[in-house]
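One structure below.
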Amino acid sequence: MTLSELRASLDEPALGPQLYEVVADLYPICRSITGDGVRETLRRLQRVAPLTLHEVPSGIDVFDWTVPREWNIRDAWVKNARGERVVDFQCSNLHVVSYSVPVRRRLSLAELRPHLFTLPDRPDWIPYRTSYYKESWGFCVSQRQLDALPDGEYEVCIDSSLEPGSLTYGECYVPGESTDEILVSCHVCHPSLANDNLSSMAVAALLAGRLGGMGLRHSYRFLFIPGTIGSITWLARNETVVPRIRHGLVLACLGDAGRFTYKKSRRGEAPIDRAAAHVLRELGDHEVVDFSPYGYDERQFCSPGFNLPVGRLSRTPHGRFPEYHTSADNLGFVKPASLAGSFAACLAIFDVLEHDRTYVNQNPKGEPQLGKRGLYHAIGGLTHSPDSEMAMLWVLNLSDGQHSLLDIAQRSGYAFGVVQRAAGLLCASGLLKEAVS
Amino acid sequence: MTLSELRASLDEPALGPQLYEVVADLYPICRSITGDGVRETLRRLQRVAPLTLHEVPSGIDVFDWTVPREWNIRDAWVKNARGERVVDFQCSNLHVVSYSVPVRRRLSLAELRPHLFTLPDRPDWIPYRTSYYKESWGFCVSQRQLDALPDGEYEVCIDSSLEPGSLTYGECYVPGESTDEILVSCHVCHPSLANDNLSSMAVAALLAGRLGGMGLRHSYRFLFIPGTIGSITWLARNETVVPRIRHGLVLACLGDAGRFTYKKSRRGEAPIDRAAAHVLRELGDHEVVDFSPYGYDERQFCSPGFNLPVGRLSRTPHGRFPEYHTSADNLGFVKPASLAGSFAACLAIFDVLEHDRTYVNQNPKGEPQLGKRGLYHAIGGLTHSPDSEMAMLWVLNLSDGQHSLLDIAQRSGYAFGVVQRAAGLLCASGLLKEAVS
Amino acid sequence: MTLSELRASLDEPALGPQLYEVVADLYPICRSITGDGVRETLRRLQRVAPLTLHEVPSGIDVFDWTVPREWNIRDAWVKNARGERVVDFQCSNLHVVSYSVPVRRRLSLAELRPHLFTLPDRPDWIPYRTSYYKESWGFCVSQRQLDALPDGEYEVCIDSSLEPGSLTYGECYVPGESTDEILVSCHVCHPSLANDNLSSMAVAALLAGRLGGMGLRHSYRFLFIPGTIGSITWLARNETVVPRIRHGLVLACLGDAGRFTYKKSRRGEAPIDRAAAHVLRELGDHEVVDFSPYGYDERQFCSPGFNLPVGRLSRTPHGRFPEYHTSADNLGFVKPASLAGSFAACLAIFDVLEHDRTYVNQNPKGEPQLGKRGLYHAIGGLTHSPDSEMAMLWVLNLSDGQHSLLDIAQRSGYAFGVVQRAAGLLCASGLLKEAVS
């Protein structure tokens, strides 16, 4: 099966629930940048795609960073004077600031207060907070929970551990004809947040699973990594792989009902940037934004020492939907149809990258006579030529060895697929040959 | 007489009827891509300009094409059961599909129907159709004619011939100081269609006639050729001439009442593209469109093996007016004033190309003192300087050997003629010299 | 004190009246392109800044020009038949056409009329006119004055002299670490016109005064010169200095209540052009216009033989306010707050030029860990990062030796100062080093 055939046979209505099921299965797990939550998550994703799990020991230096101690948590709560759990990790793993150090203590509300984080503007939602690189502890609660706490003595317990262990990430390499790689990366470090980023983990895993065994031009490398420290760790341990990366996509927040947003790579006009913009234009309402050094792991892939052609595909971008980093980014916020559409958009982008080639018109002086080859309408004088013929004329006119099919699609306004089919017909008739690069 | 003087002396109100007369004279002739119709057309144009007629034998290979057999037609009709001509070539030569093979046959309406072409949306108009490269026959009729045909038996006759002969085209070379050429090409293959392209044939012929004997910098080559096969034939037989072509214009549809449309060459920013855009901007409402590999013979001149700087000047472009390729593109659709305006626009474009030169300011450090040369107003302190002085300041400032007068006109916003006059004054005063190229 | 400290300590409410006082002191003096008016003006400016006065003898050739004879005037009037002064130089020095030759004569109104200049559209205002390079004489009067003159005989007197002398200009050089120069030039040749250009003379003199003795990277050269002939004279006598000019600003019309207008240098994208545009964008409503070879001495500095990166800073540009070159450009037209704001804008532009450097990220592979250096917030998961951190991320991402701080400010949208502070923090932590150029 080819990528184009896979796209043609996609059953999005069936695919959506399948992706959603992966999200729902992983949702309850308490993940962080290290620990058993990520490990369990990656093991479950192995049902979908043949991920390899890598363990990188705590204390290893990776560029300017050090792999941190491993964090695990079993339980956490705040009890009131009557011994009732008024904040309970068992109800939501967002209640604990990620990487909180172990604590067990009695204290007054005033003493507790600096350790409580709320969202005053969204009084029913629990925020998501972390303290990876500074030893600290805290609880995230809804504003209503906080308001309901009377003065008095409380008991807090965080039954966590922060000990030498390892950082875990998943990797799936799908070999193609060439060792040139397309990198697909998603962060796996967030606890019960559905859109950010279980949505993308599900999409990436299913992509990795489906691409395996297909006839591909590029090789594909899927990374399931904790944010920031994960990509830095991977880059530090794979510097010899980096030069093979021809194109890359960071996937984040792909499950909400919003339109697509593509964030360009630092290069700005890399083929991945043009391919993604072209595909999204064909798909309809969307936004393309310039690179900025904030967001997800594109920050690391596009750091100046690498400057990789890696963009980011999202639906509504981080920080632009109110549910972002709150308990409202839950299973109800993610839509099966959105997940399936995101999967299809990724495939469409890969399809362009797989088939973008530069050709040379073998009859460059004047147009070739398409009619005698059965490629042109017989009755002349019509007002318009059919799109299929127009696409052939564009391919012939611009195939001077300087313009790829994507260039031709952009300049002509025709969809890449239309241009690709035209090139196929012309190659079959001997009028076009791939340029020797 | 110089080109500028010719422009200054143009009497457009008198010129319009003169051009219209040429159109009206040629309108009844049945032209096609070969045959006596084109031959007779070119002979009549010899009254206006010294065209040379070229005959290229059928069967000759020209790049990927072969010069076709010659087609001629004497009569054609469809008769009803009572022997009455219900479709009659003598009424309109559009009634016969161009290049129809001879036929004489009785058949039912049902058998005849696939050979009839109509325009259901325009029930009174006869379409124009061709079948140059596939042996076939057919009639074009108005929808009302078709609707009025009762069932029953009909007799059809197409008294045509399709036999070895030749392809005919006209050429007029007007020598100038330099062998660098400006190519002007128009298609001559359409039967009774006035705007498409008798309008342009009249304009081109009169241009060729008027330019002869004038003091010109460039040489001009006017081609009167059948569409597609004509330009391909010319290119194939004149490959040694091609390198001399510095600028070119395809003329098409220059007689309707619409505003000008200039279609850029494939290069997009060639001097012809900038000159035409500049002139049309000075003339008022107009449109400049990007190159596309469809339309008229710019398709061939701009094929990648030639990539000539050839744009196209039209009024309303082909396919954008409803009368296009129908019997409604008749003598009433073409306006004398439009023809004269098109003639003048061509001259204005040539004028820019003739006079666009690059100069070097001989006093490049600070401004020269224009006042002591009588080139600047004596009383200072005014709010604005006159345009003539402003143009001199622009020419002096930008004449560093890198900017041509057209560049200066574009950047300053002044008309080319104003800039040209300023340069003339400065040259006369010794402040400016032409750059050695 | 550094430039940044000077900016931080600027007391604009106190500065405005100080600048206005300079304008008011100089307003009554009758200046021209030569003569005692300019000399006296420059001497008074020596109270503000250590100007050097240069005297260039009449008759000296400077490029295409010759330093003219020196013009001085003591009195001038038109008397009616009753011996009453109906036009009186003592009331306004605008009444005499600058460089009028001496005259004493009786004549009729009809004979006098060609020597009278008015503004019919502004009947109460006196125009400003000159006749530097053609021997002539004339009076400028309000339209109401003219209308009130009955027929009859008049006596005119212009008690002026036009004799060999010298052209006077002022110069103030403020040395910095480098001999690379920032040129600041203003014209000093207009008589009682407050905005044009006493405003800029006051701003430039105070800038020169304040910059002296500060720690500066660039050297600064302030020119106080008569328009056109002054800049040409300076350029002709300082060709060896010219190559040191890295950036330049012509200052003109900086005292009216309008928004800022920056006119780009001929180069269009020189650092001064980008710095000025960036500063004005931060300051609010403003306009940036393209270069044109008209206006003030940017005409000479940007002539093609020099093509210096010299732009022009104005508020409402010359010719765009009705008071321009009339008696209405008086002390009431100039606002202390505008003068102070112009001074501050110049300093802000200098500040960018002083601090625009290119750095190299010392940890280019992935982001450095800012948190362990105390440069990043400890609690993660927030929707937005503070601007100070975002600016650091931008500086790190773009500091590849190819982007200066101004480039980074432009691309990130942050103010130059924010980017500069971020770079400072990063340098202090060893993460950034200046690029070796």
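Note that these values count all heavy atoms, side chains included, but never hydrogens, waters or copies made by symmetry. The structure presented is a predicted model; accordingly, all values stated were derived computationally and were not measured. Residue numbering restarts at 1 for every chain, and letters A, B, ... go by the order of the sequence lines.
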Open item on the list: Given heavy-atom pairs under 4.5 angstrom as the criterion, report whether the side chain, backbone, both or neither of C/L235 touches chain B.
Closed with: neither

TODO: Output the option from C/H325, C/R266, C/H318 having the highest count of non-hydrogen pairs under 4.5 Å with chain B.
DONE: C/R266

Task: Top contributor to chain C interface from B/L431, B/N397, B/L393, B/L382 [non-hydrogen pairs under 4.5 Å] - done: B/N397

Open item on the list: With a 4.5 angstrom heavy-atom cut-off, is it the side chain or the backbone of B/L396 that approaches chain C, or both, or neither?
Closed with: backbone

Task: Side chain proximity check, B/V289 to B/K264, heavy atoms < 4.5 angstrom - done: no

- [ ] Kindly indicate whether the side chain of C/E239, heavy atoms from C-beta on, has any atom under 4.5 Å from the side chain of C/F306.
- [x] yes

- [ ] Report yes if some heavy atom in the side chain of C/P191 is under 4.5 Å from a heavy atom in the side chain of C/L94; otherwise report no.
- [x] yes

Open item on the list: Can you tell me which of C/Y133, C/F291, C/Y128 forms the most heavy-atom pairs within a distance under 4.5 Å of chain B?
Closed with: C/F291

Open item on the list: Taking side chain to side chain donor-acceptor pair (under 3.5 Å) as the definition, give me every residue that meets it alongside C/R267, ordered by chain and number, with sequence neighbours left out.
Closed with: none

Open item on the list: Are there over 12 heavy-atom neighbours, none belonging to B/K433, within less than 6.0 Å of that residue's NZ?
Closed with: no

- [ ] Answer yes or no: is there an ion pair linking B/K372 with C/D64, defined by an N-O contact shorter than 4.0 Å?
- [x] yes

Task: Neighbours of chain C found in residues 341-369 of chain B - heavy atoms under 4.5 Å - done: B/N361, B/N363, B/P364, B/K365, B/G366, B/E367, B/P368, B/Q369

Task: Where C/P309 and C/I272 come nearest, the two heavy atoms and their spacing - done: O-CG2, 3.2 Å

Task: Check: C/H95 ring centre within less than 6.0 Å of C/F89 ring centre - done: no

Task: Portion of C/R320 that has a non-hydrogen atom of chain B nearer than 4.5 angstrom - done: neither

Open item on the list: I'd like to know which of C/S303, C/S136, C/P127, C/S231 tops the heavy-atom pair count under 4.5 Å against chain B.
Closed with: C/S303

Open item on the list: Any salt bridge linking B/K263 with B/D290? Criterion: basic side-chain nitrogen under 4.0 Å from a carboxylate oxygen.
Closed with: no

